[in-house]
**Student:** 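My questions all concern the structure below.
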Amino acid sequence: MNGKKFTQFLLEWNKALNNRPMPWKGEKDPYKVWLSEVILQQTRVEQGWAYYEKFVKQYKDIKALAKASDEAVFKLWEGLGYYSRCKNLLFTARTVAEKYNGVFPASYEEIVQLKGIGPYTASAIASFCFNLPYAVIDGNVFRILARVFGIDTPIDSTAGKKQFKELAEQLLDREQPGIYNQAIMDFGATVCKPALPLCSSCHLNSICAAFKNATVSNLPVKEKTLQKKLRWFSYFIFHANDTTFIHKRTAKDIWQNLFEFYLVESDAAPSWTDDKVETLLATRLGIKQFSNVTVITALPQQLTHQTIKGYFISINLAEVPQVLSGANDRWVTTEQMKNLPFPGFINQHLQNKNIQASLF
DNA sequence: AAATCGGGGTC
DNA sequence: GACCCAGATTT
């Protein structure tokens, strides 16, 4: 075990060679650190960067965020994915505003109890803001430790999680946990990268087991592989009286709390002939008067665990049907739609339509 | 312990 | 197409 040298070399690298600017780096305000960490959960720094800047500009402190409307905050989060993060962000902002009078709690135990904050995020906040000795364990840390110490225990196994956690806590510089945690993540993102790591110029290659054994590309090990589902979404865009029908998604499924048009999901690829559209409108919605049916093939959207394909079917209705006025249903103008969050699958379609319209 | 939850980048 | 990303929550 080369623990002492690992920590020493990492901090040396950090001081001499780490040049990675980020807007939240060195930040001590728990609100901003928390916000950045939640945005960055399973999200690349480059992708989260602009979202962080939008949020801190729009909501200066946690009380301001707590007072914001759900829809305004979801609109700001739109396109970032994993929308339960946004839901929990709002919940925790309101918890801190009420229960803690707007002052972020300063102990790990209190922090980790907040919604949307797990072991990683709590460790990050505790170390960055309060100099508490908690080691962050994220994808970077798993990868670096697996390579440097030559550990092939699967990182997604129970044994692996325990083993890497113990090692990470052992390696932490307890005098400067914030500096150390920032350093190890910067190192993973810029040197010990998932693909094509910079081994030949790495400051730690003299103590790296994987470099010595030429097993860098085999580490870390994962045991589970994900499989992707294919889903067919046909969205009926109903227009009536200069408004459009939209629906807020509330099911335990993707895109919860985002809006959509009238959805018909099918197991296999549908074919929307005039007859099938007519039958569907009549049987499911009791609609008999309609016009200007246009069917457009959607651009497929790749999610991590599923592929979404489908169609957008635009239809003019003579009047608003009774069945489409549930609690989560709305008829909105184009202007109102702009302030509401939609999935990328839908925004993609709306954008393409605007581009085509502007050509005339 | 396993399944879910997005969207974007890299190879 | 497969894998990964400053993970957390639910089942």
Side-chain angles (χ1 to χ4, degrees), chain A residues 20 22-25 27 33-52 74 77-89 91-92 111-125 127-128 134-144 154-162 168 178 180-190 192-197 217-231 249 251-258 299-308 341-348:
Chain A
R20 192 189 188 205
M22 291 178 295
W24 48 83
K25 198 160 173 174
E27 182 62 59
V33 172
W34 163 65
L35 179 62
S36 69
E37 294 303 340
V38 173
I39 287 174
L40 292 171
Q41 286 166 4
Q42 289 292 286
T43 303
R44 293 167 177 275
V45 164
E46 303 77 45
Q47 191 186 356
W49 191 304
Y51 283 87
Y52 172 80
F74 270 94
W77 196 275
E78 181 185 53
L80 193 54
Y82 283 172
Y83 296 93
S84 67
R85 290 185 293 171
C86 185
K87 179 183 165 192
N88 290 331
L89 190 80
F91 188 93
T92 289
I111 295 169
V112 81
Q113 277 189 338
L114 296 168
K115 284 233 162 82
I117 298 182
Y120 164 77
T121 304
S123 298
I125 297 171
S127 63
F128 292 151
Y134 292 87
V136 293
I137 302 166
D138 71 335
N140 292 302
V141 175
F142 278 119
R143 185 171 61 255
I144 295 165
I155 62 173
D156 54 349
S157 65
T158 305
K161 285 172 193 163
K162 182 168 181 281
Y180 171 91
N181 279 338
Q182 184 63 56
I184 196 168
M185 291 192 284
D186 286 346
F187 181 74
T190 61
C192 198
K193 300 182 291 181
L196 302 180
S217 61
N218 302 325
L219 295 171
V221 173
K222 263 193 178 178
E223 59 183 6
K224 299 175 189 68
T225 60
L226 65 88
Q227 52 180 351
K228 211 171 254 190
K229 286 182 210 160
L230 174 61
R231 299 174 75 178
R249 288 176 67 87
K252 201 183 65 187
D253 195 358
I254 57 171
W255 302 333
Q256 198 174 75
N257 288 303
L258 272 58
L299 210 62
Q301 182 163 8
Q302 300 291 342
L303 307 183
T304 298
H305 296 273
Q306 40 193 293
T307 300
I308 312 294
F342 289 85
F345 186 72
I346 287 177
N347 277 332
Q348 187 89 255

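Within every chain, numbering begins at 1; the chains are lettered A, B, ... in the order of the sequence lines, protein sequences first and strands thereafter. Just so it is clear, the values below take in all heavy atoms, side chains as well, and ignore hydrogens, waters and symmetry mates. In this text, all values refer to a predicted model and were calculated from it rather than measured experimentally.
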**Student:** Between protein and nucleic acid, restricted to nucleotides 9-11 of chain C and to nitrogen or oxygen atoms under 3.5 Å apart, what atom pairs and distances do you find?
**Tutor:**
residue : atom : partner : partner atom : Å
C:dT9   : OP1  : A:G116  : N            : 2.4

**Student:** Which is true for A:E46 with a 4.0 Å heavy-atom rule: it touches a base, it touches only sugar-phosphate, or it touches nothing?
**Tutor:** nothing
**Student:** According to ring-ring contact (aromatic ring centres under 6.0 Å, His included), who are the partners of A:F128, at least two apart in sequence or on a separate chain?
**Tutor:** none
**Student:** Rounded to the nearest Å, what distance is computed from the NZ atom of residue A:K87 to the C1' atom of nucleotide C:dG7?
**Tutor:** 17 Å
**Student:** So what does A:V45 touch, heavy atoms closer than 4.0 Å: a base, only the sugar-phosphate, or nothing?
**Tutor:** base
**Student:** Could you tell me how far B:dG6 sits from C:dT11 if I compare only their P atoms? Round to whole Å.
**Tutor:** 15 Å
**Student:** Using whole Å, report how far CG of A:D156 lies from C1' of C:dC5.
**Tutor:** 15 Å
**Student:** Describe the nucleic acid contact of A:K222 in one word from base, sugar-phosphate, nothing, applying a heavy-atom distance below 4.0 Å.
**Tutor:** sugar-phosphate
**Student:** Identify whether any heavy atom of A:S36 sits under 4.0 Å from a base atom; if not, whether one sits that close to sugar-phosphate; answer base, sugar-phosphate or nothing.
**Tutor:** nothing
**Student:** By nearest heavy atom, map A:Q306 and A:K224 onto DNA chain B; which one lands nearer the 5' end?
**Tutor:** A:K224
**Student:** Contact boundaries of DNA chain B with chain A (under 4.0 Å, heavy atoms), 5' to 3'?
**Tutor:** B:dA1 to B:dC11
**Student:** Does a donor on one side chain sit under 3.5 Å from an acceptor on the other, for A:Q302 and A:T307?
**Tutor:** yes
**Student:** With nearest nucleotide decided by heavy atoms, which residue, A:Y82 or A:P220, maps closer to the 5′ end of DNA chain C?
**Tutor:** A:P220
**Student:** Verify the contact: side-chain N or O of A:Q42 to OP1 or OP2 of C:dG7, cut-off strictly under 4.0 Å; return yes or no.
**Tutor:** yes
**Student:** Nearest heavy atom decides the nucleotide; on that basis, is A:L196 or A:H305 closer to the 5' end of DNA chain B?
**Tutor:** A:H305
**Student:** Does one side chain, of A:E78 or A:N347, offer a donor that lies under 3.5 Å from an acceptor on the other?
**Tutor:** yes
**Student:** Checking A:W24 now: which residues fulfil ring-ring contact (aromatic ring centres under 6.0 Å, His included) with it, not counting sequence neighbours?
**Tutor:** A:Y52
**Student:** Nearest whole angstrom, please: distance from the C1' of C:dA8 to the CD of A:E37.
**Tutor:** 14 Å
**Student:** Heavy atoms under 4.0 Å, any strand shown: does A:G79 hit a base, just sugar-phosphate, or nothing?
**Tutor:** sugar-phosphate
**Student:** Looking across every strand, which nucleic acid part, if any, lies under 4.0 Å from A:T121 by heavy atom: base, sugar-phosphate, or nothing?
**Tutor:** sugar-phosphate
**Student:** Between A:E37 and A:T121, is the side-chain hydrogen bond (donor to acceptor under 3.5 Å, both in side chains) condition met? List the steps.
**Tutor:** CA-CA 6 Å; A:E37 294 303 340; A:T121 304; 5.5 Å; no
**Student:** If I pick the C1' atom on C:dA6 and the same atom on B:dA3, what distance separates them, to the nearest angstrom?
**Tutor:** 23 Å
**Student:** Rounded to the nearest Å, what distance is computed from the CG atom of residue A:L80 to the P atom of nucleotide C:dG7?
**Tutor:** 13 Å
**Student:** Kindly indicate whether the side chain of A:R20 and the base of C:dA6 share any N or O donor-acceptor pair separated by less than 3.5 Å?
**Tutor:** yes
**Student:** In chain order, what residues pass the ring-ring contact (aromatic ring centres under 6.0 Å, His included) check against A:Y180, with sequence neighbours excluded?
**Tutor:** none
**Student:** Who are the salt bridge (Lys or Arg N to Asp or Glu O under 4.0 Å) partners of A:R85, not counting sequence neighbours?
**Tutor:** none
**Student:** Could you tell me which residues satisfy salt bridge (Lys or Arg N to Asp or Glu O under 4.0 Å) with A:K222, sequence neighbours excluded, listed by chain and number?
**Tutor:** none
**Student:** Would you mind reading off the distance between A:L89 atom CG and C:dG7 atom C1', rounded to a whole angstrom?
**Tutor:** 14 Å
**Student:** Can you tell me how far C1' of C:dA6 sits from CH2 of A:W49, to the nearest Å?
**Tutor:** 14 Å
**Student:** Within the structure shown, what part of the strands sits under 4.0 Å from A:D253 by heavy-atom distance: base, sugar-phosphate, or nothing?
**Tutor:** sugar-phosphate
**Student:** Classify A:A195 by what it touches in the nucleic acid, base, sugar-phosphate, or nothing, heavy-atom distance under 4.0 Å.
**Tutor:** sugar-phosphate
**Student:** For A:Q41 and for A:R143, find the nucleotide of DNA chain C with the closest heavy atom, then tell me which residue's nucleotide is more 5'.
**Tutor:** A:R143
**Student:** Applying salt bridge (Lys or Arg N to Asp or Glu O under 4.0 Å), name anything that partners A:D156, two or more places apart in sequence or on another chain.
**Tutor:** none
**Student:** In whole Å, what is the span from the CG atom of A:L40 to the P atom of C:dA8?
**Tutor:** 12 Å
**Student:** Report the distance from atom CH2 of A:W34 to atom C1' of C:dA8, rounded to the nearest whole Å.
**Tutor:** 15 Å
**Student:** Among all residues two or more places apart in sequence or in another chain, which pass the ring-ring contact (aromatic ring centres under 6.0 Å, His included) test with A:F342?
**Tutor:** none
**Student:** With distance as the sole criterion, is a donor-acceptor pair present between the side chains of A:R249 and A:Q256 under 3.5 Å?
**Tutor:** no
